[in-house]
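Below you'll find the structure, written out as structure tokens, and then a few comments.
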There are 2 protein chains.
Amino acid sequence: MDNNLLDVKAKFIRGFSDKTRLQILHSIQDKELTVSQIVEELKGNQSNISQHLACLKGCGIIVGRQEGKYMYYSLRNKQIKQLLIMMDVVFNQVEEEVAACDKNDQLDCCRREA
Amino acid sequence: MDNNLLDVKAKFIRGFSDKTRLQILHSIQDKELTVSQIVEELKGNQSNISQHLACLKGCGIIVGRQEGKYMYYSLRNKQIKQLLIMMDVVFNQVEEEVAACDKNDQLDCCRREA
DNA sequence: ATAACATATTAGCGTTTGCTGATATGTGTG
DNA sequence: CACACATATCAGCAAACGCTAATATGTTAT
């Protein structure tokens, strides 16, 4: 794969790799929501959520649709939803596997502090 | 979802969100490889690759198997491979979609410098 | 035009990340 | 044992990230 494309792909995936963004994605998994609705749902900070939305949009993961003074966000397409579901499934699987089999092979990515 | 579990899930996904790690995963997608084989294949730095392997292992994405003085790494299970493939497919789709339809909605995640 | 609301953007910060180079650990071999 | 080789870990640094608070932009209603 083209070297630069690989960078873009990494950035694409990084879009999914944050707790707040995962929460946002979950909240709009099946319905469009307004920024303020998302802020409300996550009990988050407006600026913070807005930045994460910009990130997700920049990654191609979500799309925005302006309607009046509201901005509605939703997943870009069905495949993104499927990917989210699959990430979930595989993650849960791995979690179980790790918990059940390898007591010494804990999930604790990179330099995760205690 | 439990708040902490969501953090772990984010870390899990973060495992996939780096160019070098994507390259490593690609190189061991269908076969086990030794650290030095991976270093060779990516033309990378041994320390660097080793750290990325530790990260991938900590994320539960890959597993290591020692054999003599060699350490063989491979994907943890078939589902990880499927997830990788699906990430690929969805990413390519999004890329096309963005390139074809929304000239103004460029893929350029978060604060990606020029 | 002004006011009120919804969202985006900016600045500054502390933390985390990824890299390199040096060093440590581990494993087989003479 | 000493030695070579394979891998892991550490230290230090620069860049990227995520957060908050403040401010700017945009949209509707009065």
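Residue numbers begin at 1 in each chain, while the letters A, B, ... track the order of the sequences.
In this structure, B:Arg14 does not pair ionically with A:Asp18, as no charged nitrogen and carboxylate oxygen lie closer than 4.0 Å.
Residue B:Tyr72 is classed as having no contact, given no heavy-atom separation below 4.0 Å to the nucleic acid. Residue contacts shown for B:Gln46 include a base, since a base heavy atom lies under 4.0 Å away.
Heavy atoms from other residues, nucleotides or ligands lying under 6.0 Å from NZ of B:Lys78 number 12 at most.
Atom CD in A:Gln37 sits roughly 11 Å away from atom P in C:dA6 (whole-Å rounding). Atoms NZ (B:Lys69) and P (D:dT7) sit 9 Å apart, rounded to a whole Å. Spacing between atom CG of B:Leu53 and atom P of D:dT9 amounts to 11 Å, rounded to whole angstrom units. D:dG26 atom C1' lies 7 Å from atom CD of A:Gln66, rounded to whole Å.
Taking every heavy atom of both residues into account, B:Tyr73 and B:Ile28 meet most closely at O-CG2, 3.8 Å.
Considering only side-chain N and O atoms, B:Asn45 lies nowhere under 4.0 angstrom from the phosphate OP1 or OP2 of C:dC19.
Of the candidate nucleotides D:dT7, C:dA6, C:dC19, C:dA6 has the atom lying nearest to any side-chain atom of A:Tyr70.
With the nearest nucleotide of DNA chain C identified for both B:Thr20 and A:Ser36, A:Ser36 has the one nearer the 5' end.
One cannot find a donor-acceptor pair under 3.5 Å joining the base of C:dT27 and the side-chain atoms of B:Glu67. A:Ser47 contributes a side-chain N or O that forms a donor-acceptor pair with the base of C:dT9 under 3.5 Å.
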